[in-house]
> 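Have a look at the structure that comes next, please.
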Amino acid sequence: MAYWLMKSEPDAWSWDQQVKAGGKGTEWTGVRNFTARKNLMTMKKGDRGFFYHSNEGKEIVGIVEIVKEHHPDPTAGKDEPWVVVDVKAVEPMPQPVKLEVIKKEAKLKDMALIKYSRLSVQPVTADEWKAICKMGGLK
DNA sequence: GCCAACGTTGGC
DNA sequence: GCCAACGTTGGC
């Protein structure tokens with residue numbers, strides 16, 4: 001299984017909304033960047049991702065699961081190449097993991113979150129995943 | 001609210 | 001195909 005990190009401004013789409021949307025999941029719309037698109041297209045059903053609040057909060061607040069693989073983004077123009085995946089909330093972080101805390105953690109300094117801070121959909125390694133789950137209070 | 005980083009666009 | 005101009009993201 002692969003791991004990911006997906007960013008959303010809570011003003012636009014927050015973790016609470018994702019939770020309320022329930023187990024069927026929702027389309028992750030609005031990605032307009034080719035690197036992020038490539039990551040969306042690589043995602044498989046059952047992969048997991050961190051849900052990160054950018055701008056407001058700047059912290060990882062929960063875990064989502066990919067419930068449907070990539071298909072065309074309904075919010076994009078007809079001839080545009082943009083895609084979405086469907087994700088559902090799995091569980092919240094008992095303790096949200098702040099960007100500033102991640103930055104301080106030596107073994108996380110190569111995370112895409114830090115190195116490519118503007119990339120909205122990014123891969124996470126298994127080691128990074130484990131470390132952050134632990135920091136967030138998950139086993 | 002500012003601005004650095006960086007992706008995209010368009011002229012040549 | 002290069003690169004300057006421009007727009008956007010996101011941390012501070």
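So you know, we letter chains A, B, ... as the sequences are listed, proteins then strands, and number each from 1.
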> Among the clusters formed by ILVMFWY side chains lying less than 4.5 Å apart, do A:Leu5 and A:Ile102 turn up in the same one?
yes
> When you look for runs of 3 or more Watson-Crick or G-U pairs in a row, both distances below 3.5 Å, which of them include DNA chain C?
B:1-12 with C:1-12
> Under the criterion side-chain contact (heavy atoms from CB on, under 4.5 Å), I'd like the reasoning laid out for A:Val84 against A:His70: C-alpha separation, chi angles, the key distance, then a yes or no.
CA-CA 5 Å; A:Val84 296; A:His70 70 89; over 6 Å; no
> By the 4.0 Å heavy-atom rule, please label A:Asn33 as base, sugar-phosphate, or nothing.
sugar-phosphate
> Using distance only, find each side-chain donor-acceptor pair of residues 43-60 of chain A under 3.5 Å and give its atom names and separation, not counting sequence neighbours.
from    : atom 1 : to      : atom 2 : distance (Å)
A:Asp47 : OD1    : A:Ala2  : N      : 3.1
A:Asp47 : OD2    : A:Trp4  : NE1    : 3.1
A:Asp47 : OD2    : A:Lys44 : N      : 3.0
A:Arg48 : NH2    : A:Glu65 : OE1    : 3.1
A:His53 : NE2    : A:Trp15 : N      : 3.0
A:Asn55 : ND2    : A:Glu9  : OE1    : 3.4
A:Asn55 : ND2    : A:Glu9  : OE2    : 3.3
A:Glu59 : OE1    : A:Lys98 : NZ     : 3.3

> Show every donor-acceptor pair shorter than 3.5 Å between a side-chain atom in residues 121-133 of chain A and any protein atom, with sequence neighbours excluded, or say none if there are none.
from     : atom 1 : to       : atom 2 : distance (Å)
A:Gln122 : OE1    : A:Leu113 : N      : 2.6
A:Gln122 : NE2    : A:Leu119 : O      : 2.9
A:Thr125 : OG1    : A:Glu128 : N      : 3.1
A:Thr125 : OG1    : A:Glu128 : OE1    : 3.3
A:Glu128 : OE1    : A:Thr125 : N      : 2.9

> Categorize A:Lys7 for me: base, sugar-phosphate, or nothing, with a 4.0 angstrom heavy-atom threshold over every strand shown.
sugar-phosphate
> For residues A:Ser14 and A:Asp16, is any side-chain donor paired with an opposing acceptor at under 3.5 Å?
no
> Check DNA chain C against residues 95-108 of chain A and give the residues with a non-hydrogen atom under 4.0 Å, in numerical order.
A:Leu99, A:Lys103
> Below 4.0 angstrom, N of the basic side chain to O of the carboxylate: do A:Asp86 and A:Lys24 qualify?
no
> Would A:Met6 and A:Tyr116 show up in the same hydrophobic cluster when neighbours are defined by side-chain heavy atoms closer than 4.5 Å?
no
> Sequence neighbours left out, what passes side-chain hydrogen bond (donor to acceptor under 3.5 Å, both in side chains) with A:Thr26? Give chain and number order.
A:Gln18
> Identify the 5'-most and 3'-most nucleotides of DNA chain B with at least one atom closer than 4.0 Å to a non-hydrogen atom of chain A.
B:dA5 to B:dT8
> Heavy atoms under 4.0 Å, any strand shown: does A:Phe34 hit a base, just sugar-phosphate, or nothing?
sugar-phosphate
> Check whether any side-chain heavy atom of A:Pro92 sits under 4.5 Å from a side-chain heavy atom of A:Val19, and report yes or no.
no
> Do any N or O atoms from the side chain of A:Thr75 and from the backbone of A:Thr29 form a donor-acceptor pair under 3.5 angstrom?
no
